[in-house]
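These notes concern the structure reproduced below.
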Amino acid sequence: MRGRESTREKLVLGIETSCDDTSCAIYSSRRGILLHRTAVQLDHARFGGVVPEIASRSHLVTLPPLYDSVMERAGLELDDLAGIGVTNGPGLTGSLLVGLSFAKALSYGSGVPLVGIHHLEGHILANALGGEFDTPAVVLVVSGGHTQLFQVKHIGSYEFLGGTRDDAAGEAFDKIGKLLGLPFPGGPAVEQAARGGAPEAYDFPRALKSTGKCDFSFSGLKTAVRLKVEELGRLSERQIGDVAASAQEAIVDILVRKSLLAVKQAGCPSFYIAGGVAANGRLRERMRTEMEREQIAVSWPPVEYCTDNAAMIACAAYHHLRSGRSDGLDLNTFPRGELVSWNTSGP
Ligand code: KG4
Ligand code: ZN
C-alpha cells in the first residue's frame, strides 16, 4: 500500500507573477509539464521598461481567468492537486503579492498544501522539467535581474560561486537595446540586430576578465556602448548591427569565460544555463563549443522555459513537497534575497 501511494502520480500547480509575466502551469510527477500558459504584458513596451504599478494591476486582471483556463483545459479540480507552488521572491512586491494571495486563497479553500518558491530555484529547475538533471552541476542563472553562478550538489543544495557586482546581463542587453533605439525587451531585439552585424567591429570592454573569481560587471559595457553611440551620431542600419553584435559578443565572452572558470573550480562534469538570457542563440552556440572542448556536458531549457514561466515553479514545488516541505498561510513575499539550500543532507 505504501509503495503504491508513493508511485501515484502527483500533480502540482505553479503560479509565477514576480515581474511582468503572468503564468500558470501544471506539473506531473510522471508526465512532466501537462499544461503551461504565460500571458505577456505588452503595456510596458511604450515606457521602455517594466512599470511596477502596471505590472501588479495587470496580474490582478489576468491571473484568475488564466488559472481557470489552465485547470479547465487540464480537466482538473483543486482537489486533484498534490500542491500549489508560487514564487514568493525575489521580485516586485506588488506583483509577487498578487500571485501569493491568489495561491493562499486556493490553498485555504481546499486544504491543498502551499509551497513558496525562490524565483532563482525555479530558473535552475527549468532544467529538470524534462526529468533528467545531472548533478553535481554548475548552473549559470542569467536573466534581467540576476547573473549568478551556483554549484548544485543535488536538488535543494545550492552553493553560490559568484555573481554580478552591478547590472545583470539581461539588464545590459535591455539598456543597450534602448541606446540603439530597439524595441523592449532589448535582449531578443539586440540578438536579432546582431545577426546583421560584425562582432569584431568594436572592441567593447570585458570587465573583471582576469580576476580569477566568478564575478561579473556589466555597467562599464553599457557606458562604453553609450559613448560609442554618441560618437557615431545618427546610426545607420549597418552600425546598429555592428554595435549590437559587438556588445553581444562582449557579454557572451565574459559569461563563457567565467562559466568555464566555475566549472573548473567546482570540478563538475555538467553545466546548465538558466534564465531569460539562456534563450540567446550566440550564448548557446559559444557555450556548447567551449564546454564540449573541455568535455563538460552542457544543456539549457527550451526557450519558453528560459524566460519567466510557472512550469519551472511547479517543478520546483514538486521537489519540495516530495521532501515533505510546505509553507503555512503566514508565508510572505521578499523583494530581494539569496537562494539558500533547503536540503543539505542528500538527494
Ligand atoms: O528570466 P527572465 O524572463 O526575467 C527575469 O527573471 O529577469 O529574463 C528576462 C531577460 C530580459 O533582460 C531579456 O532582455 C533577456 O532576458 N532575454 C534575452 C533574450 N531573450 C530574453 N537576452 C538576450 N538574448 C535573448 N534572446
Ligand atoms: Zn526570471
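A quick note: this is a predicted structure, and the numbers were derived from the prediction, not measured. Both backbone and side-chain heavy atoms feed into the values below; hydrogens, waters and symmetry mates do not. In each ligand, atom 1 is the first atom listed, and ligand 1 is the first ligand listed.
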Lys/Arg-Asp/Glu bridge criterion (N-O < 4.0 Å) met for [X], [Y]:
{"X": "D253", "Y": "R286", "value": "yes"}
{"X": "E191", "Y": "R282", "value": "no"}
{"X": "D242", "Y": "R238", "value": "yes"}
{"X": "R288", "Y": "E285", "value": "no"}

Q. What part of H146 sits under 4.0 Å from ligand 1 if we count only heavy atoms: the side chain, the backbone, both or neither?
A.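 It is neither part, as no heavy atom is under 4.0 Å.
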Q) Side chain, backbone, both or neither: which part of T307 comes within less than 4.0 Å of ligand 1 when only heavy atoms are counted? A)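 Both backbone and side chain.
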Q: With the Zn ion (ligand 2) at the centre, find the angle made by NE2 from H119 and NE2 from H123, to 10°.
A: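 Vertex the Zn ion (ligand 2), arms to NE2 of H119 and NE2 of H123: 90°.
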Q. Going by atom types alone, do H154 and T135 pair a side-chain donor with an acceptor below 3.5 Å?
A.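 Judged by distance alone, the side chains do not pair up.
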Under 4.0 Å from a heavy atom of [X]: which atoms of ligand 1 are those, numbered in the order shown and with their elements?
{"X": "E191", "answer": "24 (N), 25 (C), 26 (N)"}
{"X": "G145", "answer": "7 (O)"}
{"X": "G144", "answer": "5 (C), 7 (O), 8 (O), 9 (C), 10 (C), 12 (O)"}
{"X": "H119", "answer": "6 (O)"}

Return the residue, atom name and 0.1 Å-rounded distance of the protein heavy atom closest to [atom].
{"atom": "atom 3 (O) of ligand 1", "value": "D308 N, 2.9 Å"}
{"atom": "atom 14 (O) of ligand 1", "value": "D174 OD1, 2.6 Å"}
{"atom": "atom 24 (N) of ligand 1", "value": "N280 ND2, 3.0 Å"}

Q: Give yes or no for whether the N/O distance cutoff of 3.5 Å, strictly under, is met between G276 and ligand 1.
A: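 So ligand 1 has an N or O lying under 3.5 Å from an N or O of G276.
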Q | Polar proximity ligand 1 side, D21 side, N/O cut 3.5 Å exclusive | A |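 No, since none of the N or O atoms of D21 sits under 3.5 Å from an N or O of ligand 1.
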Q. Is ligand 1 less than 4.0 angstrom away from at least one heavy atom of H123?
A.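 Flag set, H123 near ligand 1.
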Q. Heavy-atom contact under 4.0 Å between C19 and ligand 1?
A.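 In this structure, C19 fails to qualify as a contact of ligand 1 - no heavy atom is under 4.0 Å.
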Q) Which one of G170, A189, G187 has a non-hydrogen atom at the shortest distance from atom 18 (C) of ligand 1? A)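 It is G187 that holds the nearest heavy atom.
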Q: Would you check if the side chain of S270 reaches a backbone N or O of A297 as a donor-acceptor pair within less than 3.5 Å?
A: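 Between the backbone of A297 and the side chain of S270 there is no qualifying donor-acceptor contact (under 3.5 Å).
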Q.
Test: ring pair (Phe, Tyr, Trp, His ring centres under 6.0 Å). Region: residues 327-347. Which pairs qualify, not counting sequence neighbours?
A.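 Listed once each, the pairs are H118-F334, H320-W342.
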Q.
The test is salt bridge (Lys or Arg N to Asp or Glu O under 4.0 Å); show your working for R257 and E290 and say whether it passes.
A. CA-CA 9 Å; R257 177 185 276 258; E290 303 197 28; over 6 Å; no
**Q.** Name of the D308 atom (N/O/S only) found closest to the Zn ion (ligand 2)
**A.**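 This residue's closest N, O or S atom turns out to be OD1.
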Q) F150 vs Y158 aromatic rings, parallel, tilted or perpendicular, using cut-offs 30° and 60°? A)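 F150 vs Y158 ring planes: perpendicular.
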Considering only distance and modelled atom types, tabulate donor-acceptor pairs under 3.5 Å from the side chains of residues 306-318, sequence neighbours left out.
from, atom 1, to, atom 2, distance (Å)
D308, OD1, H119, NE2, 3.1
D308, OD1, H123, NE2, 3.0
N309, OD1, A311, N, 3.0
N309, OD1, M312, N, 2.9
N309, ND2, Y305, O, 3.2
N309, ND2, T307, O, 2.8

